[in-house]
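This report refers to the structure that appears directly beneath it.
Sequence lines set the chain letters: A, B, ... in the order given, protein chains first and strands last, and positions in each chain run from 1.
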There are 2 protein chains.
Amino acid sequence: MSIDPGSYTPIYRQLADLLRVRIEAGEFAPGESLPSETRIAQEYEVGRDTVRDALAALRNEGAIITVKGAGSQVRPQHDVAVVRVDGRARVAARMPSSAEKRQLKLTDGTPVLVVHREGRDEEVHPADRTQLDVGD
Amino acid sequence: MSIDPGSYTPIYRQLADLLRVRIEAGEFAPGESLPSETRIAQEYEVGRDTVRDALAALRNEGAIITVKGAGSQVRPQHDVAVVRVDGRARVAARMPSSAEKRQLKLTDGTPVLVVHREGRDEEVHPADRTQLDVGD
DNA sequence: GCCCATTTGTCCGTATGTATA
DNA sequence: TTATACATACGGACAAATGGG
């Protein structure tokens with residue numbers, strides 16, 4: 001499979017799909033680095049900006065993380081903290097505000113879980129390392 | 001408040017902050033269009049690319065939605081469907097796969113809620129129009 | 001239905017700054 | 001210190017979608 005410049009699907013999206021397949025196939029282990037943007041641009045014969053668009057898409061869907069100066073890697077799996085939610089509650093999810101993102105040290109593509117309970121403050125949990133245990 | 005090109009905070013981020021403030025102040029109602037990228041670029045005297053970076057940040061945090069050919073608008077609030085979750089369950093949140101994004105017609109910056117229950121199929125709900133009612 | 005102006009999307013280029021190793 | 005890699009910011013050009021007339 002390769003890139004078709006004549007396709008109606010944008011190149012950066014085709015490239016993101018190709019990289020996603022390689023990631024899911026296990027070609028890059030979690031925590032392992034992908035090739036550099038320049039390298040990928042050479043391999044697929046596209047501009048670096050196009051590569052960056054593809055990597056941005058993968059970041060925003062939580063597939064990879066990127067560290068300035070160091071490169072991109074498959075998103076490492078965190079240990080999951082199971083948070084018990086007693087009693088009746090409302091649970092929602094959303095993207096963090098920029099303040100929450102800083103405070104909780106959230107990477108791009110990481111939502112938060114929000115727990116509302118009667119008479120209590122709202123709880124906000126990072127979704128990349130939290131599961132809720134609810135009910136009963 | 002204005003943009004300081006000499007700041008250590010990137011221009012596109014300063015611009016995103018400025019626009020976020022204007023949105024939160026109610027200058028643009030939900031569903032109401034923001035000025036065009038070109039217009040914003042002129043107003044703040046920055047390149048269109050910088051404006052696009054700022055708008056992308058706002059999209060990915062769920063603050064706005066953008067429609068090709070039509071512009072960006074403050075994210076309209078959906079009616080929330082409350083989904084009752086009976087019994088014990090595990091609840092998580094993550095960004096949708098590209099397939100889920102298409103199927104559920106999710107806009108950028110919209111996570112999904114995932115409900116795991118013993119002996120049942122996993123349930124996936126769009127977080128921009130779903131809340132879970134859990135417990136008891 | 002069609003045309004047209006507007007607007008966003010895609011893709012490329014260059015240059016410079018900053019973080020990492 | 002040096003080299004590599006990503007981040008930011010500007011520019012231009014054309015494609016594609018929208019909406020109004």
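- One N or O on the side chain of Gln14(A) and one on the backbone of Asp4(A) form a donor-acceptor pair closer than 3.5 Å.
- Annotation for Pro35(B) and Ile40(B): closest pair O-CD1, 3.5 Å, computed over non-hydrogen atoms.
- Between Ala70(A) and Leu55(B), the one whose closest nucleotide on DNA chain C sits nearer the 5' end is Leu55(B).
- Nearest heavy-atom pair across Val82(B) and Asp133(B) is CG1-CB, 3.6 Å.
- Rounded to an integer number of Å, the gap from Arg39(A) CZ to dC6(D) P is 12 Å.
- One end of the helix from dC2(C)-dG21(D) to dA21(C)-dT2(D) points its axis 30° away from the other end's axis, with each axis taken from 5 pairs and the angle rounded to 10°.
- Where DNA chain C meets chain A (any atom under 4.0 Å from a heavy atom), the bounding nucleotides read 5' to 3' are dT10(C) to dT20(C).
- With 3.5 Å as the limit, one finds a donor-acceptor pair spanning the side chains of Arg75(A) and Thr110(A).
- Rounded to a whole Å, the CD1 atom of Ile40(A) is 17 Å from the P atom of dT4(D).
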Atom pairs under 3.5 Å, N or O on each side, protein against nucleotides 8-12 of chain D: can you list them with distances?
residue: dT8(D); atom: OP1; partner: Tyr12(B); partner atom: OH; Å: 2.9
residue: dT8(D); atom: OP2; partner: Tyr12(B); partner atom: OH; Å: 3.2
residue: dA9(D); atom: OP1; partner: Ile11(B); partner atom: N; Å: 2.3
residue: dA9(D); atom: OP2; partner: Ile11(B); partner atom: N; Å: 3.2
residue: dA9(D); atom: OP2; partner: Tyr12(B); partner atom: N; Å: 3.0
residue: dC10(D); atom: OP2; partner: Gly47(B); partner atom: N; Å: 3.0
residue: dC10(D); atom: OP2; partner: Thr50(B); partner atom: OG1; Å: 2.1
residue: dC10(D); atom: N4; partner: Asp49(B); partner atom: OD2; Å: 3.4

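- Atom-to-atom, CG of Asp108(A) to C1' of dA7(D) comes out at 12 Å; the value is rounded to the nearest Å.
- Residues Arg22(A) and Glu43(A) are paired through a salt bridge, judged by an N-O separation under 4.0 Å between the basic side chain and the carboxylate.
- Residues Arg88(B) and Glu118(B) are not paired through a salt bridge, judged by the lack of any N-O separation under 4.0 Å between the basic side chain and the carboxylate.
- Note on Glu123(A) versus Arg117(A): salt bridge recorded, some NZ/NE/NH1/NH2 to OD/OE distance being below 4.0 Å.
- Ion pairing between a basic and an acidic side chain is recognised when a charged N comes within 4.0 Å of a carboxylate O; Asp108(A) and Lys101(A) show such pairing.
- Taking 4.0 Å as the cut-off between side-chain N and carboxylate O, Glu100(A) and Lys105(A) do not count as a salt-bridged pair.
- Contact check on Arg52(B) versus Asp49(B) returns no salt bridge, with no Lys/Arg side-chain nitrogen under 4.0 Å from an Asp/Glu carboxylate oxygen.
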